[in-house]
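Below is one structure, written out as structure tokens, with a few remarks after it.
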There are 2 protein chains.
Amino acid sequence: MTTLEDVAKHAGVSLATASRVLNGSSRHVGADMRRRVESAAARLGYRVDATAQTLARGASNVVGLVIQDLIDPYFSLIADGAIRAADRHGMVTTLGTTYRDPEREIALVATLHAQRARVVLLAGSRVADEAVLRRQRAELDVYRSAGGRVAVIGQDVLGTDTVAPRNREGAYDLAVALAGLGHRRFAVLAGPPVLLTAIDRTRGFSEALADLGLPPPLLVHGDFDRDGGRDAACRLMAMDHGVTCVFAVNDLMATGALAALREYGVQVPRDLSLAGFDGTSYLRDPVPSLATVRLPLARMGAMALDLALTDEDAPRRQHVSGEVVLRDSVGPPAWASSAAYAPSAPVEPANPSAASPEARPARP
Amino acid sequence: MTTLEDVAKHAGVSLATASRVLNGSSRHVGADMRRRVESAAARLGYRVDATAQTLARGASNVVGLVIQDLIDPYFSLIADGAIRAADRHGMVTTLGTTYRDPEREIALVATLHAQRARVVLLAGSRVADEAVLRRQRAELDVYRSAGGRVAVIGQDVLGTDTVAPRNREGAYDLAVALAGLGHRRFAVLAGPPVLLTAIDRTRGFSEALADLGLPPPLLVHGDFDRDGGRDAACRLMAMDHGVTCVFAVNDLMATGALAALREYGVQVPRDLSLAGFDGTSYLRDPVPSLATVRLPLARMGAMALDLALTDEDAPRRQHVSGEVVLRDSVGPPAWASSAAYAPSAPVEPANPSAASPEARPARP
DNA sequence: CTGTTAGCGCATTCAT
DNA sequence: ATGAATGCGCTAACAG
């Protein structure tokens, strides 16, 4: 293993000089010495020891990223954005996965603290459990008191810098758009009752319906993933109701729900409209393509890092809005299509020259 | 920031003792001292400095993982498997993304070397470019000569431990299964001509057709991602041919091809059968669900780490096989369905009690 | 502009 | 079983 000292010796210069040309900031080094050092380093295959640098400088170049599930496109998009941003800053990213266990999140913060990560990014919904939140805050506090910076992508409940998606507003807008298609009776596949993201989206959706003078939605809880959506949809099918439109609080659940509906022989959107939330791009591909509220996920990852890297005293909050994207999975209710009310064709025509089934603009 | 020395002082013991109880291996420490150290550490919120440990021990606990694109499920599945395995070994994972640029892969190895990663995992297709391979080998050599361990998930062309998917064989088996449905004229959306993975899969497919006495497939090259598949399918549509079955050399391309075919009004599988390769689970959800060759991606990530962690002198190779999974996107050719030849129903019935559209077993 | 030196936090001999 | 001392590779004063 080649060290700086080896390079210095081979170049016939001092340790300090070698350090200055290879890793130093100010370049007060003569041209010839510089060349000698550089050639010696190349010849010996010298690679800095970043851990030694961290120790000597008292600051590392690693960003710790904590997500819940790498397989979920929601998180892989955020992670991609964060990793690219870290790369732009010349930093490397250490990735930890909680598998949706809040306790693991705490353990990972401790691990990343041990790694001397310069910043820790926490992505994913916070929970409505004060005991958990207290333990999370405690671990973050010891990390921050050691100089660590923290940013959360999610709800602002930990006293950190936060990139906060406007879940309530996005769901509200979505409900308005769906009601605009003629729907009056809705169901919400509402996710787990403790997840703040699920709660906020459900609430926003319900508030819109209330404001429009429509009956409150039928709520069906379940897991926050594909199978949760599948199960919730199955339970919905087993109930007696007049629902014509279903809102799954995230895209994964919507995907599962779509599969379930297909198995039940329910035609989407003819028999039932279906929409999700997040805007993970895979939603273009199922048939029918799924309506959603699109969040700028990759950008949110980058924003979180930038937030954490520009230090301020008081924690800051940055909101990001979602954009309602109506696609083939939503259309007017069946009772409307035979009546005078028929705002637009529910399905795009097959057309070779058209772009891939991206988005139809939301109608207000 | 609390150091071991602080803990030692507060506990009234020596640095060495504190080190032994908190991070040491052998536990030759009295019970009372142990308790005092532990309580002091807890009280002060002590967290080890892993970078200092790395320096002192001369060995780190980070595994460096290099993938091409985190958004591609192929890589997020591998990464998930590798991260879980690293976690089991008490190691953390630093993730780098090349965006399919071989030069960036080299740079990332250097970065991870600087980070003093104990092992580096390289996932993704190698390229058929001797100049690139030489530079990659050179960088890996300096890393290994410094004590680093390397494993590759892909082709065994870098002289490293390797987890090698049987791409040729998987494509061969797929071709046999598709020919068994009655197809005689095939096209292959063959990906970039320099990607070994694309080459191997194309070759295996072609070999099977030759062995069966069928004409060679029509080859259409393009990028290795969704849009590449989309474009290739469009170009295929513009050609005059008697193709009844299309093989896209990875799932992403198959997904894009499916979208393109839909735009052209081509019914799958009635007008054209379509299959992919990789077995990323999202393929269950598009309609029709896509046939593929399923690789145990998460397990491959874990295998690579285990391989790199158990040191041997000679580089080893572990092959993994893919499993042909026929789904709704493949069926007998149109000319066969009206004739005597009709091996099975091409589409599963809509059935509420059935499982999600997983797999039909491959027919030999 | 260049060289000398003192730590950074910890593991680990080596004594005791 | 415990403590004192050395060094891991590097940066950053400080001195020339």
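Side-chain atoms are counted along with the backbone in the values below, which use heavy atoms only and exclude waters and symmetry mates. Within every chain, numbering begins at 1; the chains are lettered A, B, ... in the order of the sequence lines, protein sequences first and strands thereafter.
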Next on the checklist: Just the rounded figure in Å: distance from C1' of D:dT11 to CG of A:Asn61.
Outcome noted: 15 Å
Item to check | Salt-bridge criterion met for B:Arg137 and B:Glu130 (N-O under 4.0 Å) | outcome: yes
Checklist entry - In whole angstroms, how far is the P atom of D:dC14 from the CZ atom of A:Arg20? => result 14 Å
Next on the checklist: Between A:Glu312 and A:Arg149, does any NZ, NE, NH1 or NH2 come within less than 4.0 Å of an OD or OE carboxylate oxygen?
Outcome noted: no
Checklist entry - Using a cut-off of less than 4.0 Å, is there contact between a side-chain N or O of B:Gln53 and OP1 or OP2 of C:dC10? => result no
Checklist outcome for this item: Those residues at least two apart in sequence (or on a different chain) that pass side-chain hydrogen bond (donor to acceptor under 3.5 Å, both in side chains) with A:Ser14 are A:Thr17
Next on the checklist: Using the rule salt bridge (Lys or Arg N to Asp or Glu O under 4.0 Å), only one of A:Asp306, A:Asp161, A:Asp156 pairs with A:Arg316; which is it?
Outcome noted: A:Asp161
Checklist entry - Of B:Ala31 and A:Ala16, whose closest DNA chain D nucleotide lies nearer the 5' terminus? => result B:Ala31
Next on the checklist: Please report the distance, rounded to the nearest Å, between CG in A:Leu4 and P in D:dA12.
Outcome noted: 12 Å
Next on the checklist: Should the side chain of A:Arg47 and the base of D:dG9 be counted as holding a donor-acceptor pair, with the cut-off at 3.5 Å?
Outcome noted: no
Checklist entry - Checking all strands, does B:Thr3 fall into the base, sugar-phosphate, or nothing category for heavy-atom contacts under 4.0 angstrom? => result sugar-phosphate
Item to check | Whole-Å gap separating C1' (C:dA11) and CG (B:Leu22) | outcome: 13 Å
Item to check | Spacing between B:Met1 atom CE and C:dC8 atom P, to the nearest angstrom | outcome: 9 Å
Next on the checklist: Please confirm whether the shortest side-chain N or O distance from A:Thr17 to OP1 or OP2 of C:dG3 is below 4.0 Å.
Outcome noted: yes
Checklist entry - Rounding to a whole Å, what distance do you find between A:Leu55:CG and C:dG9:C1'? => result 5 Å
Checklist outcome for this item: Rounded to whole Å, the CD-P distance (B:Glu5 to D:dA4) equals 11 Å
Checklist entry - Can you tell me if the side-chain N/O atoms of A:Asn23 get under 4.0 Å from OP1 or OP2 in D:dT11? => result yes
Item to check | A:Asp87 side chain near B:Thr97 side chain, heavy-atom distance below 4.5 Å | outcome: no
Checklist entry - Choosing from C:dG9, D:dC10, C:dA11, which nucleotide comes nearest the side chain of A:Ala56? => result D:dC10
Checklist entry - Quick one: B:Arg36 CZ to D:dG3 C1', roughly how many Å, whole number? => result 13 Å
Next on the checklist: Is there a side-chain contact between B:Ser14 and the phosphate of D:dG3, meaning an N or O under 4.0 Å from OP1 or OP2?
Outcome noted: yes
Checklist entry - Do B:Arg116 and D:dG9 share a donor-acceptor pair, side chain to base, under 3.5 Å? => result no
